[in-house]
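Everything quoted here is computed from the prediction, not taken from an experiment.
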Amino acid sequence: MNRTARLYALVEELRAAAPRPRTVAALATRFEVSTRTMQRDLQTLMETGVPVRSLPGRGGGWSIDPEATLPPIHLTPDEASALTAALAAADTSTPYADAARTAAQKIVASMAGPASAAARQLAAQIVSLPAHGDSATRTAVEQALADNLVLRLSYTDAAGHESNRVVEPAGLLTAGGRWYLIAWCRTRQAGRGFRVDRIAAAAPTGERARLRDLSELLVGSAGADAVPPAALAALTPPS
């Protein structure tokens with residue numbers, strides 16, 4: 001078993017045992033490697049964001065939060081290639097681009113033989129022009145939206161006017177190759193769209209935002225007829 005396959009199998013081993021911890025020695029025996037190798041594998045999982053943790057003391061060991069991980073997903077080669085291609089097309093201005101990149105790497109790493117080669121070839125045939133945008137700003141917008149936090153923005157509009165805003169994020173709109181943060185603007189007391197690449201700085205305040213209806217904020221705007229992308233439509237609950 002190569003290391004990539006072992007790491008995936010290790011996650012599933014910990015998921016199956018949860019919430020009971022497994023010792024390094026027991027895991028090393030299970031995967032027929034040294035305890036040093038197993039310790040290194042567990043450390044790698046931690047560094048890549050897998051929710052594993054070490055429990056000290058007698059009866060301790062390593063465990064994982066099964067609610068924060070996904071069980072194995074069985075994809076056809078065509079599905080895996082399509083996902084790899086779509087994720088590879090996410091440039092630095094795309095929301096959640098960092099997560100998209102690591103997800104694409106994991107998909108390709110989990111494949112073998114002709115399927116892996118086909119996915120890598122398809123990804124190599126997709127290129128994108130770099131877009132301007134600050135990764136720290138994009139990350140702040142992502143965090144605020146995912147955690148439902150009030151966001152403080154420094155924004156430059158189409159006319160070049162700069163302003164500071166305090167907003168309550170409601171969602172993201174993509175149109176014409178651009179991404180827009182749709183939010184309730186406390187400064188204007190109305191729904192507003194902020195082009196993500198025009199946000200000069202952003203910082204979550206730590207304050208919980210009121211849950212806003214995205215479709216209501218889009219009423220009367222150019223995005224009033226926006227619908228979920230076809231691939232996501234089946235995941236969106238009916239209104």
- Which heavy atom of Ala202 sits nearest a heavy atom of Ala140, and at what distance? O-CB, 3.4 Å
- Query: For the side chain of Thr37 and the backbone of Val33, is there at least one donor-acceptor N/O pair under 3.5 Å apart?
  - Reply: no
- Got a salt bridge between Arg198 and Asp157, using NZ or NE/NH1/NH2 to carboxylate O under 4.0 Å? no
- Task: Determine whether Val141 and Pro169 make a side-chain contact, defined as any pair of heavy atoms from C-beta on separated by less than 4.5 Å.
- Result: no
- State whether the side chain of Tyr155 and the backbone N or O of Val196 hold a donor-acceptor pair below 3.5 Å, judged by distance alone. no
- Of all heavy-atom pairs between Ala170 and Leu145, which one has the smallest distance, and what is that distance? C-CD1, 3.9 Å
- Does Val50 share a hydrophobic cluster with Phe31, counting links as ILVMFWY side-chain heavy atoms below 4.5 Å and allowing steps through other members? yes
- Message: If I take atom CG from residue Leu14 and atom CZ from residue Arg20, how far apart are they, to the nearest 0.5 angstrom?
- Response: 11.0 Å
- Item | Least distance between heavy atoms, Gly223 atom then Leu173 atom | CA-CD2, 4.4 Å
- Task: Verify the neighbour count for atom CZ of Arg152: are there more than 12 heavy atoms of other residues, nucleotides or ligands below 6.0 Å?
- Result: no
- Query: Arg178 versus Tyr180: any side-chain heavy-atom pair under 4.5 Å?
  - Reply: yes
- Query: If you measure from OG1 on Thr156 to CZ on Arg195, what distance do you get to the nearest 0.5 Å?
  - Reply: 11.0 Å
- Taking atom CG of Asp65 and atom CZ of Arg15, what is their separation to the nearest 0.5 Å? 9.5 Å
- Applying the 4.5 Å side-chain criterion to the ILVMFWY set and letting contacts propagate, would Leu7 and Met46 be lumped into a single cluster? yes
- CD of Gln189: more than 12 outside heavy atoms within 6.0 angstrom? yes
- Task: Apply side chain to side chain contact (heavy atoms under 4.5 Å, CB included) to the pair Arg3 and Arg40, showing each step before the final yes or no.
- Result: CA-CA 11 Å; Arg3 188 167 189 248; Arg40 188 164 58 243; 4.1 Å; yes
- Item | Approximate separation, where rounding is to 0.5 Å, of Leu153 CG and Leu181 CG | 6.5 Å
- Is the backbone N or O of Tyr96 less than 3.5 Å from a side-chain atom of Glu142, with the two atoms forming a donor-acceptor pair by type? yes
- Item | Met38/Leu10 under side chain to side chain contact (heavy atoms under 4.5 Å, CB included): CA gap, chis, key distance, verdict | CA-CA 9 Å; Met38 181 51 58; Leu10 177 56; 3.8 Å; yes
- Item | Interatomic spacing from CG in Leu42 to CD1 in Ile64 - rounded to 0.5 Å | 10.0 Å
- Query: In terms of hydrophobic clusters joined by side-chain contacts under 4.5 Å, are Leu172 and Leu218 together?
  - Reply: no
- Do Val167 and Leu214 belong to the same hydrophobic cluster, where Ile, Leu, Val, Met, Phe, Trp and Tyr are linked whenever their side-chain heavy atoms lie under 4.5 Å apart, directly or via other members? no
- Task: Look at the side chain of Glu12 and the backbone N and O of Ala9, then say whether any donor-acceptor pair between them is shorter than 3.5 Å.
- Result: no
- Message: If you apply the rule side chain to side chain donor-acceptor pair (under 3.5 Å), what do you find for Arg165 with Ser154, and how did you get there?
- Response: CA-CA 6 Å; Arg165 310 288 186 95; Ser154 293; over 6 Å; no
- CD/Gln39 to CG/Leu27 distance, rounded to the nearest 0.5 angstrom? 10.0 Å
- Within the side chain of Thr205, is there an N or O that forms a donor-acceptor pair under 3.5 Å with the backbone of Val150? yes
- Got a donor-acceptor contact below 3.5 angstrom from the Asp147 side chain to the Leu149 backbone? no
- Task: Using a strict 4.0 Å threshold on nitrogen-to-oxygen distance, state whether Arg186 and Glu207 make a salt bridge.
- Result: yes
- Measure from NZ or CZ of Arg212 to the centre of the six-membered ring of Trp184 and say whether it is under 6.0 Å with the direction within 45° of the ring axis. yes
- Just do the side chain to side chain contact (heavy atoms under 4.5 Å, CB included) check on Phe194 and Arg192 with the steps written out, would you? CA-CA 7 Å; Phe194 302 92; Arg192 288 289 187 270; 3.7 Å; yes
- Message: How close do Pro21 and Ser63 get, counting heavy atoms only, and between which atoms?
- Response: CA-CB, 4.1 Å
- I would like to know whether Trp62 and Val24 meet side chain to side chain contact (heavy atoms under 4.5 Å, CB included); could you show each step before the answer? CA-CA 7 Å; Trp62 286 81; Val24 172; 3.4 Å; yes
- Search all heavy atoms of Arg22 against all heavy atoms of Ala26 and return the closest pair with its distance. NH2-CB, 3.7 Å
